[in-house]
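Here is the structure we will look at, set down as structure tokens.
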Amino acid sequence: METDFLVIGSGIAGLTFAMDASAHSRVTVITKKDTPETNTNYAQGGIAAALSPTDSVELHIKDTLEVGDGLCNSESVNLIATQAPSVIMELSALGVDFYKTPDNKIDLGREGGHSQNRIVHTKDATGKTIENVLIKTVKERGVSLFEHCLVLDLILEDNKCIGVWVLKEGEVLPFFASSVIIATGGIGNIYLHTTNSPIASGDGISMAYRAGAVIGNMEFIQFHPTAFYGKKIDGRAFLLSEAIRGEGGILKTQNGCKFMDKYDSRGDLAPRDIVARAIHSELKKRQEPYVLLDITHLSESKIKDRFPTIYKTCCGLGINPANNPIPVVPAAHYVCGGIVVDMESRTNIPNLLAIGESAHTGVHGANRLASNSLLESIVFAHRAARKIKNQKSKIKNSSFKIPVSFPDKEGDTDIIRDYLFKIKKIMWEKVGIIRNDKELAEAQTEIGQYKLEIEKLYPLYRQTVELVELRNIVTTASLVIECALRRKESRGLHYNINYSSRNDLEYKKDTIIAGQSYR
Ligand code: FAD
Ligand code: SIN
């Protein structure tokens, strides 16, 4: 099989690239589950864009840089903030029906760290609306979509990417392309509790690393402060959008006391790292398993109208948010680092690009400003598609030799599940919201040992989704730990009690890890 541009992933980044590139080239999108099963599909709050008369691109930039805590790449930040208004117009033109005020203006919600109302949304299902419109558009534009196909690894020849290995209906097949675009999203599933879809297992970052791509800033893991405590949905901790606090939701301890004002003058709308740490500290101090997100002062009709998905889901989970405060805890949500790319989304490996959450563009620095991720994904996917237009290299498959055979023996699923649980637990307990050197070092030893064992057993068994994801999860986890150990300071999302403040003199720089094959 061959194509001009092979995109791995059917979220906002992959589909935006595919939509653009299909105008000039043959594009194939490969995705490991049903096409809509992406983190994009679960995005609630919306997309940040300076549209209000009191707002400006400069303020959007300022807020992004402040929340990024000194590590953002200002060129990337300027780019996304400047393009945000036109991204909204473009999505509207494609058919995304953003929520409007009664006087027919785009409604602007508020989220943590934003100094203005700036979040464009379709109530609480912004990601799903965008995903559906993009799927429809790429289908209309003739993009080939391969569902339930898992990309295992990149194929390199003379240090250039020439294609990928794909697991399709139990068979491993090579797929060749002029360029490969990694759009595989996040890594939430390296942790025990995450808001992410089960697809988010760091596959793209991990396969790029194995192929020699440079990886950066993996220590900056964003924990969303408010995920539903207790019951999960298909393994996912259900998110309670920050937009709820933007509409007046208040965080309280179980005895009904507000606490965020003690931690930050912005109270419940402080940036996520501050709110997540505050909740963590209250839970520890009070020895309680959850805090409360209270919106009982809003009318039931207002809650139902503004947050229909959240209202319905919470009721299904046993809490009517109009009558009872919602029990919430922080959960792993977003990785600010990833595969290091330039302003055109190119990695250090020729013919390999990365976009979306799996890429490190420098937009988010040490902490992502809420609702900047969908925006970044679109802006950088557009740039990648534009730049690549005239760079189609010849597809190289003629000299390629398919390895003799792949093992046929089935791996033991109980062993895989056991490894997974142990890895996620270590990450949750030792590489979480609050870190320290001792536990990070322990995590490095323990995860390092599991990584060795998993790398040994991997080639012995038939590739299955579970085995492949396990290998990627342990690799990604080890990258997070390595970056976290290198940063001997506290900044943004990386909080290490052994170094309680920011150290600009030594650490105002990205944490960079060279790809495996260059070691
Ligand atoms: P995704 O949308 O996650 O897509 C990844 C794709 O890659 C999937 O199709 C997956 O199947 C595929 N894939 C992965 N590995 C493989 C493989 N090995 N082989 C084949 N296919 C593979 N951001 C905002 O800006 N605003 C929000 O309101 C917002 N809300 C959020 C709410 C939730 C619950 C979550 C989890 C995140 C939210 N985010 C939000 C973050 C944002 O949704 C994501 O960062 C963004 O959607 C990532 O898009 P993506 O295209 O990079 O990846
Ligand atoms: C949310 O709706 O709270 C999530 C927004 C984001 O992750 O940007």
Side-chain angles (χ1 to χ4, degrees), residues 6-17 29-48 80 109 111-114 119-122 124-128 130-131 134-135 145-153 164-168 181-189 194-207 222 224-227 233 236-246 272 275 307 310 331-336 338 354-359 364 368-378 380-381 465 468-469 472:
L6 191 152
V7 182
I8 319 172
S10 57
I12 191 167
L15 295 182
T16 302
F17 175 91
V29 174
I30 297 186
T31 187
K32 67 177 167 179
K33 289 208 171 168
D34 292 339
T35 305
E37 186 55 52
T38 59
N39 270 353
T40 302
N41 207 37
Y42 299 113
Q44 293 182 355
I47 301 190
I80 64 150
E111 289 183 337
H114 289 271
I119 315 301
V120 181
H121 61 92
T122 64
D124 59 0
T126 312
K128 189 180 203 138
I130 296 173
E131 179 74 16
L134 289 176
I135 292 174
L145 269 167
F146 285 70
E147 290 185 316
H148 297 276
C149 289
L150 179 78
V151 174
L152 305 174
D153 263 311
V164 298
W165 286 110
V166 183
L167 178 66
K168 183 173 185 283
I181 296 88
I182 295 181
T184 48
I187 69 166
N189 288 285
T194 177
T195 61
N196 287 194
S197 155
I199 59 100
S201 44
D203 296 7
I205 293 173
S206 168
M207 69 181 80
Q222 186 167 70
H224 197 292
T226 57
I233 302 171
R236 233 173 359 106
F238 180 66
L239 183 77
L240 281 314
S241 174
E242 212 161 77
I244 294 182
R245 278 173 280 134
R272 270 180 206 171
V275 183
F307 300 111
I310 291 171
H333 184 64
Y334 185 85
V335 58
C336 293
I355 49 179
E357 190 169 336
S358 55
H364 310 301
R368 175 176 67 101
L369 182 67
S371 287
N372 264 352
S373 168
L374 297 173
L375 175 61
E376 177 206 33
S377 297
I378 293 185
F380 277 86
V465 175
V468 170
E469 288 184 346
N472 292 331

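Everything numeric here is computed off the predicted structure, so don't read it as measured data. Remember, it's 1-based here, ligands and their atoms both numbered in the order they're listed.
The distance criterion of under 3.5 Å between nitrogen or oxygen atoms is not met by Gly14 with respect to ligand 1. Looking at ligand 1, you won't find any N or O of Leu239 less than 3.5 Å from one of its N or O atoms. Backbone and side-chain nitrogen or oxygen atoms of Ile12 are examined, and one is located within less than 3.5 angstrom of a nitrogen or oxygen of ligand 1. Backbone and side-chain nitrogen or oxygen atoms of Leu374 are examined, and one is located within less than 3.5 angstrom of a nitrogen or oxygen of ligand 1. Polar contact check, Thr35 against ligand 1: no nitrogen or oxygen pair lies under 3.5 Å apart. The N/O atoms of Ser377, backbone and side chain alike, include none that comes under 3.5 Å of an N/O atom in ligand 1.
Note: Ile187 CD1 to Ile205 CD1 = 5.5 Å, rounded to the nearest 0.5 Å. With values rounded to the nearest 0.5 angstrom, His333 atom NE2 is found 7.5 Å from Asn196 atom CG. A distance of 12.5 Å separates OG in Ser197 from CD1 in Ile233, rounded to the nearest 0.5 Å. Here Thr184 contributes atom OG1 and Ile355 contributes atom CD1; the two are 10.0 Å apart, rounded to the nearest 0.5 Å. Atom CD of Glu357 is separated from atom CD1 of Ile12 by 12.0 Å, given to the nearest 0.5 angstrom. Here the straight-line distance linking atom NE2 of His148 with atom CG of Leu167 works out to 12.5 Å at 0.5 Å rounding.
Listed by number with element, the atoms of ligand 1 under 4.0 Å from a non-hydrogen atom of Ser10 are 6 (C), 8 (C), 9 (O). For ligand 1, the atoms closer than 4.0 angstrom to any heavy atom of Gly9 are 6 (C), 7 (O), 9 (O), 12 (C). Atoms of ligand 1 lying under 4.0 Å from any heavy atom of Ile30, numbered from 1 in the order shown and given with element: 20 (C), 21 (N). Residue Asn372 has at least one heavy-atom neighbour below 4.0 Å for each of these atoms of ligand 1: 25 (O). Of all atoms in ligand 1, numbered sequentially from 1 with element shown, those under 4.0 Å from a heavy atom of Gly45 are 28 (O). Set against the non-hydrogen atoms of Ala183, the atoms of ligand 1 under 4.0 Å away are 5 (C), 6 (C), 7 (O). Atoms of ligand 1 found under 4.0 Å from any heavy atom of Cys149, numbered from 1 in the order shown, are 19 (N), 20 (C). When each atom of ligand 1 is checked for a heavy atom of Tyr42 under 4.0 Å away, the hits are 32 (C), 33 (C), 34 (C).
Side-chain atoms of Glu111 never come within 3.5 Å of backbone atoms of Ile119 as a donor-acceptor pair (strictly under, hydrogens ignored). Under a 3.5 Å cut-off, the side chain of Gln44 and the backbone N or O of Ser241 do form a donor-acceptor pair. Side-chain N or O atoms of Thr40 include none that pairs as donor or acceptor with a backbone N or O of Gly11 at under 3.5 Å. Formation of a donor-acceptor pair under 3.5 Å by the Thr38 side chain with backbone atoms of Pro36 is found in this model. The backbone N or O of Gly112 lies less than 3.5 Å from a partner atom in the side chain of Glu242, making a donor-acceptor pair. For Ser371 (side chain) and Gly46 (main-chain N/O), a donor-acceptor pair under 3.5 Å exists by modelled atom type.
Salt-bridge annotation for Arg368 and Glu376: absent, with no side-chain N of the basic residue lying under 4.0 Å from a carboxylate O of the acidic one.
At a 4.0 Å heavy-atom cut-off, ligand 1 touches Asn39 through backbone and side chain alike. With a 4.0 Å cut-off on non-hydrogen atoms, His224 does not touch ligand 1 at all. Under 4.0 Å from ligand 1, the heavy atoms of Arg368 that appear belong solely to its side chain.
A heavy-atom distance below 4.5 Å is found between the side chains of Thr226 and Arg245.
The shortest contact between atom 19 (N) of ligand 1 and any protein heavy atom is with Val151 N, 2.9 Å. Protein heavy atom in closest approach to atom 36 (C) of ligand 1: Asn196 ND2, 3.4 Å. From the protein, the heavy atom lying nearest to atom 44 (C) of ligand 1 is Glu357 OE1, 3.3 Å. Looking only at heavy atoms of the protein, atom 53 (O) of ligand 1 is closest to Gly185 CA, 3.3 Å. Among all non-hydrogen protein atoms, the one lying nearest atom 29 (C) of ligand 1 is Ala43 CB, 3.4 Å. Nearest protein heavy-atom contact of atom 2 (O) of ligand 1 is Thr40 OG1, 2.4 Å. At the top of the distance list for atom 15 (N) of ligand 1, counting protein heavy atoms only, stands Asp203 OD2, 3.3 Å. For atom 21 (N) of ligand 1, the closest non-hydrogen atom on the protein side is Lys32 N, 3.2 Å.
Contact between Gly46 and ligand 1 is present, with at least one heavy atom of the residue lying under 4.0 Å from the ligand. Ligand 1 does not have Thr126 within reach: every non-hydrogen atom of the residue lies 4.0 Å or more from it. Glu111 does not count as a contact of ligand 1, since none of its heavy atoms falls under 4.0 Å from the ligand. Proximity of Ile47 to ligand 1 is not established, as no heavy-atom distance is less than 4.0 Å.
Every pair tested for salt bridge (Lys or Arg N to Asp or Glu O under 4.0 Å) that includes a residue from residues 35-44 fails, sequence neighbours excluded, so the list is empty.
Among Val120, Thr126, Asp124, the single residue meeting the side-chain contact (heavy atoms from CB on, under 4.5 Å) criterion with Thr122 is Thr126. For the side-chain contact (heavy atoms from CB on, under 4.5 Å) criterion with Val7, the lone passing option out of Val29, Leu145, Ile30 is Val29.
Across all non-hydrogen atoms, the minimal contact from His224 to Thr195 is CB-CG2, 4.4 Å. The two residues Thr31 and Ser10 have their closest heavy-atom pair at OG1-OG, 2.9 Å. Of all heavy-atom pairs between Arg272 and Pro225, the closest is CG-CD, 3.7 Å.
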Please assess Leu239 against Tyr42 for the test side chain to side chain contact (heavy atoms under 4.5 Å, CB included), listing each intermediate value before the final yes or no. CA-CA 9 Å; Leu239 183 77; Tyr42 299 113; over 6 Å; no
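Relative to atom 39 (N) of ligand 1, the option among Arg236, His148, His333, Lys33 with the closest non-hydrogen atom is His333. The option with the heavy atom closest to atom 14 (C) of ligand 1, from among Leu134, Thr38, Thr184, Val166, is Thr184. Of the listed residues (Pro198, Ser373, Ser371), the one carrying the non-hydrogen atom nearest atom 41 (C) of ligand 1 is Ser373.
The immediate protein surroundings of ligand 2, defined as residues with any heavy atom under 4.0 Å of it, consist of Gln44, Gly45, Glu111, His224, Leu239, Ser241, Glu242, Arg272, His333, Arg368, Ala370, Ser371.
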